[in-house]
Amino acid sequence: MLPTTRKRCSAYLGLLTAVSLLVQQHRHVEALPGKALTGSNMNQRLAGMEYAVRGTVVIAADRIAHELEEKTVEHPFDHILFTNIGNPQSVGQKPLTWPRQVMALADLPDEVGVDHPLASQMFPSDAIERAREIKKALGGHGTGAYTHSQGPLGFRKDIATFIENRDGGVKSDPTSIFMSNGASAAIQDVLTALIADENCGVMIPIPQYPIYSATIDLLGGQKVGYFLDEEKGWDMNLEELGRALNDARSKGIKVNSFVLINPGNPTGQVLSKKAVQDIVKFCSENGLVLLADEVYQENVYDENAEFYSCKRAAAETGLLDKDAIELVSFHSTSKGLYGECGRRGGYMEVVGFDPEVEAHLYKKASAALCSGVPGMVMADLMVKGPKPGDASYESHEAEKKAIYDSLKRRAKIVEVGLNSIPGFSCQPAQGAMYVFPKVTMPEGAIKAAAEQNVPVDTMYAVSLLESTGICVVPACGFEQEEGRHGFRTTFLPSETEMENAVKLFRTHHEEFCSRYA
C-alpha cells in the first residue's frame, strides 16, 4: 500500500523542491574565480536548452538508484523502472544473435576470426561470409579505421537496395545517403543547414520529440508548432497545418521546413497513406523541406495500419518525377527490432536537394571525419539480414518475431490498463514504443505545483517515481495543448513488469488524487 500520511506528502514535495533546486543550480552556479568560460558568458542558447527525456525526473531517478545501490535511504521498491527513454536493451531486450556474431568477426583480426581454423565450429557459415563482405567494404582496414565521410559505399548501396525494396522499386541513390551516429546526429546536421538565422522557422508536431525543440533552440531558430488531433488518435489535420504555417508567416517568420514523425513519438500513431500523401503535397505546395523521422518504421502493431514512407508518397503523387519536393528521411538501429541504441547507427537519405546544399552537408560530415564504424556496420546488417536458405535465416527471423510479438502485446497491456484507470485517457499505440496518456489532475495538485513553481506534470511524475520507482517523462517536456496534463511512458520492459507497472500507475493515481483532493 502506498503511504498517505502527512509526513509522506511532505517528503514528496521535499523531493520535488530538491530536484527543482538541483536543476536551477546547474543553470545558475556562481563562477569560480579566474575561469574564462562561465555560465554567464557561455553560449546562452546551450544554457537554456531543455531535453526532457533526460531532464528533472531522470536526475531524481538517478539519485534514488544510487541510494538503493548504496542502501543509504529506504524506498518502497528495490529498483528503478526506467520507462523514460526508448532504450530496449537497458530494460531487458536481448541483442539479436546473428548481427552480434557478424560484429564480433568483423572486429576480430582475420587470423583469430574469419580465418581461424575453428571459426566454422563457433560461428554459422553465413555470419562468417557476411563478416568477410563487411571487411571488404571497409577496404580491408577493419573497424578501427576511418571510412568515407558518408559511410562505406558498399554499405550505402545496401541501404539504397533496402529503400528500393521497401518503397516498391522507387530508385535510391547511394551517393545521397549519409550514414550517421544514430538518426539524431543526422537530424542535427540538417537543422544546422536549415536554420540560417533567428527568423528561420521549423514546423514541428505538438506533441513532439525533444531533439527537435532542443536543437532548434540551440541553433536560435523558431519553433512553429502544429497540433496533432488527440481525439482522432493523434491524426494530422490539413486545416491545422495551414493555420500554423499562416500564423507564423504573418508574424514574419521564414518557415522553411516541416518535421513529420511517423510512426509517432511520443504519440504512437501510424499515419494513413492518404495522410502521408497530403503532407508531402503540403510541403511541396508551400516550399517546405520535409524532414521525415521514420525510425519506428518496423514498429507497427495495429493490423489495420501500415507504414508508408514519405519518399514513396512523393513518388506516387508525382512529386519526385517533377523534382517538386525536398525530402530527407531518417532511420536508426536504435529502434525497430534491433534496439541497438549504444551502437549509434543510422542514416539519412537526401532527395531533391540543391546540389550545393548537399555538398555543404558532405562538408559537415567530413568535418567529423566519419560516424562510428560499429554503428555503420550494425546499420548495414539491419538493412541486409540473412537471406532465405542461409544458415541463420530461420533463427534470426524467429528472434525478431518474438521481440515484435511481445512489443505488440505490451502495447495493448499498457493501453488497456491505463484506460481502465479513472481520470486516464490513452490513445492506442499503433506503433513506435510509447503511449502518451492524458491524466486529469486534482485542483489541489495544480495549486501545489504552482506554489512550488514547477509544472504539475513534473510534480506528478516525481510523485510516481518516489512512490513506485517508475521513471516517466512529464508530458510538458514534449509540449501539449494548454490545460492538458500527463506523461510519456515506454512499454519496453518485460510483459510481467509492464503488467505490474499498470497496477502501480493505478494505485499511485488513486493515492495522488486522494492526497490533493
Side-chain angles (χ1 to χ4, degrees), residues 83 85-104 124 126-127 130 155 158-159 161-163 165-167 179-180 182-184 209 261-266 268-270 293-303 305-309 329-347 374-388 390-414 429-435 489-495 497-498:
T83 68
I85 192 168
N87 192 13
Q89 294 184 24
S90 73
V91 287
Q93 180 173 309
K94 292 183 178 180
L96 294 170
T97 303
W98 178 80
R100 288 300 186 93
Q101 291 172 326
V102 179
M103 284 288 304
D126 56 343
R130 189 59 188 281
F155 291 2
D158 289 340
I159 293 170
T161 299
F162 164 79
I163 293 170
N165 291 336
R166 181 197 69 190
D167 290 341
M179 302 189 77
S180 56
S184 299
Y209 183 59
I261 308 175
N262 181 44
N265 178 10
Q269 84 282 15
V270 179
D293 186 332
E294 299 175 336
V295 302
Y296 299 100
Q297 57 191 261
E298 286 189 89
N299 301 101
V300 177
Y301 315 117
D302 188 325
E303 294 178 359
E306 182 179 1
F307 172 73
Y308 181 71
S309 76
S329 57
F330 308 97
H331 198 12
S332 169
T333 65
S334 300
K335 313 306 178 187
L337 304 177
Y338 271 55
E340 292 279 4
C341 299
R343 298 288 175 181
R344 309 310 299 132
Y347 68 82
M376 290 194 283
V377 171
M378 190 60 72
D380 186 55
L381 297 174
M382 177 183 71
V383 300
K384 185 183 175 183
K387 303 183 299 296
D390 286 352
S392 301
Y393 177 76
E394 290 187 5
S395 61
H396 183 65
E397 291 301 310
E399 288 180 12
K400 288 169 60 180
K401 185 177 186 301
I403 293 170
Y404 173 84
D405 288 346
S406 180
L407 282 169
K408 185 175 180 178
R409 289 192 295 270
R410 281 175 269 169
K412 186 58 68 173
I413 287 168
V414 177
Q430 293 179 299
M433 298 175 171
Y434 319 95
V435 290
T489 180
T490 72
F491 42 83
L492 292 174
S494 71
E495 292 174 48
E497 283 191 297
M498 291 316 302

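Given the structure is predicted, the values throughout are model-derived calculations rather than measurements.
Inter-residue side-chain proximity for Val383 and Phe155 is flagged as unmet; no heavy-atom pair is nearer than 4.5 Å. Between Tyr209 and Ile261 the shortest side-chain heavy-atom distance falls below 4.5 Å. The shortest side-chain heavy-atom distance between Ile163 and Tyr347 falls under the 4.5 Å cut-off. Residues Asn165 and Thr161 have side chains in contact (heavy-atom distance under 4.5 Å, counting atoms from C-beta outward). Side-chain contact between Trp98 and Pro386 is present, with heavy atoms from C-beta onward closer than 4.5 Å. By the 4.5 Å heavy-atom criterion applied to side chains, Met382 and Phe162 are not counted as neighbours. Counting heavy atoms from C-beta on, the side chains of Ser329 and Ser309 never come closer than 4.5 Å. Counting heavy atoms from C-beta on, the side chains of Leu407 and Leu337 come closer than 4.5 Å.
In this structure, the ring of Tyr404 has its center less than 6.0 angstrom from the ring center of Tyr301.
Atom NZ in Lys412 sits 7.5 Å away from atom CG in Asp302 (nearest 0.5 Å). Rounded to the nearest 0.5 angstrom, Tyr338 OH and Ser332 OG are separated by 12.5 Å. Rounded to the nearest 0.5 angstrom, Glu399 CD and Thr97 OG1 are separated by 3.5 Å.
In this structure, Ser406 contributes its side chain and Ile403 its backbone to no donor-acceptor pair below 3.5 Å. Between the side chain of Gln89 and the backbone N or O of Gly339 there is at least one donor-acceptor pair closer than 3.5 Å. Panel note: side chain Asn299, backbone Gly336; a donor-acceptor pair is recorded below 3.5 Å. The main-chain N or O of Pro493 is found under 3.5 Å from a side-chain atom of Arg410 such that the two form a donor-acceptor pair. Looking at Asp126, its side chain does come within 3.5 Å of a backbone N or O of Ser392 through a donor-acceptor pair. Although no hydrogens or angles enter the test, the distance criterion places a donor-acceptor pair under 3.5 Å between the side chain of Gln297 and the main chain of Glu294.
Taking 4.0 Å as the cut-off between side-chain N and carboxylate O, Lys408 and Asp405 do not count as a salt-bridged pair. Ion pairing of Asp380 with Arg130 is present here, as a side-chain N (NZ or NE/NH1/NH2) and a carboxylate O approach within less than 4.0 Å.
In terms of heavy atoms, Met498 sits closest to Thr490 at CE-O, 3.6 Å. Across Pro99 and Leu381, no two heavy atoms sit closer than the pair O-CD1, 3.6 Å. Here the closest heavy-atom approach between residue Gln430 and residue Val270 is recorded as OE1-N, 3.0 Å. When all heavy atoms of Ala432 and Gly268 are compared, the pair lying nearest together is CB-CA, 4.3 Å. Contact between Val300 and Ala305 at its shortest, heavy atoms only, is CG1-O, 3.7 Å. Counting all heavy atoms, side chain and backbone alike, Met103 lies closest to Met378 at CG-CE, 3.6 Å.
Applying the salt bridge (Lys or Arg N to Asp or Glu O under 4.0 Å) test to every pair with at least one member in residues 331-342, sequence neighbours left out, gives these pairs: Arg100-Glu340, Glu340-Arg343.
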- Decide side-chain hydrogen bond (donor to acceptor under 3.5 Å, both in side chains) for Thr333 and Arg344; before the verdict, give the C-alpha distance in whole Å, the side-chain angles of both, and the deciding distance to 0.1 Å. CA-CA 7 Å; Thr333 65; Arg344 309 310 299 132; over 6 Å; no
- Could you check Val435 against Thr489 for side-chain contact (heavy atoms from CB on, under 4.5 Å), going step by step and ending with a plain yes or no? CA-CA 6 Å; Val435 290; Thr489 180; 3.5 Å; yes
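Within a 6.0 Å sphere centred on CD of Glu495, heavy atoms belonging to other residues, nucleotides or ligands number more than 12. Within 6.0 Å of CD on Glu306 lie no more than 12 heavy atoms contributed by other residues, nucleotides or ligands.
Shown here are the side-chain hydrogen bond (donor to acceptor under 3.5 Å, both in side chains) partners of Gln93, two or more places apart in sequence or in another chain: there are none. Partners of Tyr434 according to the ring-ring contact (aromatic ring centres under 6.0 Å, His included) rule, which considers only residues two or more places apart in sequence or in another chain, are Tyr296.
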